[in-house]
K.L.:
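Pasting in a structure now, in structure tokens, and then I'll have a few things to ask.
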Amino acid sequence: MLEIADPIELERPQDKLIRRLCATLSGYLDPSQIDQCVRAYEVGAAAHAGQFRKSGEAYICHPVSVAISLAEMRMDANGIMAALLHDVIEDTPVSKKELADQFGAEVAELVDGVTKLSKIDSKSHAEAQAENVRKMFLAMAKDLRVIIVKLADRLHNMQTLGVMPPAKKRRIARETLDIYAPIANRLGMNNIRQKLEALSFEAMYPMRHAVLNSAVKKARGNRRKIVDIIESTIKNRLHEAAIKCDVAGREKNLYSIYKKMLNKKISLADVFDVYAFRIFCENVDTCYRVLGVMHNLYKPIPGRFKDYIALPKANGYQSLHSILMGPYGVPIEIQIRTHEMHRMSESGIAAHWLYKSDDDKTESFQDRANEWLRDLLEIQKSAGDSLEFIDNLKVDLFPQEVFIFTPQGSIIKLPRGATIIDFAYAVHTDLGNACVSARIDKQLVPLQTKLENGVTVEVITASWARPNPLWLNYVITAKARSGIRNYLKHFKQQEAISLGRRLLEKELQAMHLHLEHISKTKIQALLQIMSKLSLDDLLEDIGLGNKMPFLVAKRIAQDDMNASIKLNDNEQAQRKPLVIKGTEGMVITLAKCCRPIPGDSIIGYFNPGKGIVVHHHECRNSSVVRKKQTNWLDVEWSQDVTGDFSVEIRIEILNQRGALATIASTISEQNSNIENVTVVDQDDRICVDLITLTVKDRVHLAKIMRRLKELSIVLKITRIKA
Ligand code: MN
């Protein structure tokens, strides 16, 4: 490729920016570290090549600008590299792994962290949930630098909003005011907070901003002369007293002026009627000496002096504030503080960490946050009323919660360790009761999956689904637990009532009676004798196996003339068996000892409190229970049984390589699933296994057993019936 080299035209905006970055970095980093930052810039520039910002600049200008504002905060080398690369994972083919290979795991983690926050950022979230989004941000940042890079990123995006359409500008500004400025505030980073607020104010209310801006400029111009006089008077007086310190006029920012006018409903003149100065000193002693000099120079207004050095504000803010009566009767507001205090008030948690001399790189976000909190506590010791503030901060920085998006973009707060089931119940009990699986960020996952911060969870439901008692092992929230329990209880109750009704009807039928033809008064009398509150109560008791339907029916029939006549020949009458499908649910269950399947002859046993347990006719347990005649009941399989039923077989096979695999594949070829295999006996020649498998019915089982018998390795095969 041929390019016409023109050294003047070759200077691109990004070249200028990277030179500025290097100049700033040389103030506090080693040359070798600066080289690494330049390398990160080169990789970033190559990755973003061909991409442009809305303004028309090469894209790489954006990450370099972010890096510059961080360099001004003395961000460490890895943080600067992460800033230079902060958009490559999201917007270019460069992967996290490649970054780790080239720049180390720490830089890759930082970039990854920023990318994750950006994803939350782009999710449409309800404004009312701003507080949860802020907490989610802090909860997700495993490293403090991720938050700081993200704030600097947002700051530069706000500074370059100019070319966006107004509606988009307003949306971004709103988000900045709702999410980013409060986060900066919470971490004590006032400098960046004020910048974000000022830019958001301009983007949201361009007209108000313009009017206020020109009014303030005009007022400042008018005041210039007075400000200069006061400033030089102060400087001279401090010089005479031989005190070393810096004096600066302080300009209130437009957003805070606007807010003051709005909240206090006062005019600009009232807000602006104060001349403000800051004096920076070497140490605390000097601060008090300066205060003395100032009170000597201009008279303090009584009741307006505040000593925030001795009694710091809750967020650790320290300074001396006083309002003095200046020349021509103008009030002068002064703030006196050390440089250190100033840095703390401007950069908060970042100052604490970025200006520290010992650079222990192994400290985690939580360690640093902890240290910051400890220092805040230390500063606060004398103040005593700020513990609540620090406690709240602690919760933010050491969250016990995870924050999950619904597909609609609202946020659900859950305790750490919560699963999909907890989430579903937190959204709505009905959703929990009907959930079958879920997608996390579009990927299908099982219900017991533990949730991580910031993911979007879409719960998949089915009309046939119902809570499983096993879920109780996977949930940690009270809401999910009680939701599942209530459902199961209610469900079992409903089932018991309907089974009880069927059983009673069946008995009554044999006596030529019908439940609905029995008079109300008679039912009432019966309920009284049985001490039941309602018919449903009685039916539930029958369904649960606590009351024998035959005895209840007999009692009803006792004083019924129609019935008692027929009762005699009824003694011989064959009672029709109860028809079951085996899939009824909780009050009709299949015995685990003999595992009856459709086609088997079966009997039912009333198990008090549990309903009917269905046994195989040949089950040894059933022959025991049959002796207690009143407790058992004839049952038979319905004609239209569907479903898979577990059955157990015992199989003796030659102990050779691959034998079990052959058995397994033969079984699955017959459309059966193996649920469990236990080796019960084994020697050199023979191996005996118990296999639990699923079948449709006896015919299906017979077919499988026939196929197995045909195998040369199978010696003997029997079905286990207890
Ligand atoms: Mn960015």
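Counting starts at 1 for both ligands and their atoms, in listed order. Everything numeric in this text was worked out from a predicted model, so none of it was measured.
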K.L.:
Can you tell me if NZ on Lys479 sees more than 12 non-hydrogen neighbours from other groups inside 6.0 Å?
P.N.:
yes
K.L.:
Which distance, rounded to the nearest 0.5 Å, do you find between the CZ of Arg343 and the CE of Met73?
P.N.:
12.5 Å
K.L.:
How is the N/O/S atom of Asp153 that comes nearest to the Mn ion (ligand 1) named?
P.N.:
OD1
K.L.:
Could you confirm whether His156 has any N/O/S atom lying under 2.8 Å from the Mn ion (ligand 1)?
P.N.:
no
K.L.:
Start with the C-alpha distance between Asp76 and Arg145, add both sets of side-chain angles, then the distance that settles salt bridge (charged side-chain N to carboxylate O under 4.0 Å, His left out), and finish with yes or no.
P.N.:
CA-CA 9 Å; Asp76 68 356; Arg145 288 169 293 183; 2.8 Å; yes
K.L.:
Quick one: report the N, O or S atom of His62 that is nearest to the Mn ion (ligand 1).
P.N.:
NE2
K.L.:
I'd like the atom name of the N/O/S atom in Asp87 lying closest to the Mn ion (ligand 1).
P.N.:
OD2
K.L.:
For Tyr59 and Asp87, which I'm curious about, is there any donor-acceptor pair between the side chains at under 3.5 Å?
P.N.:
yes
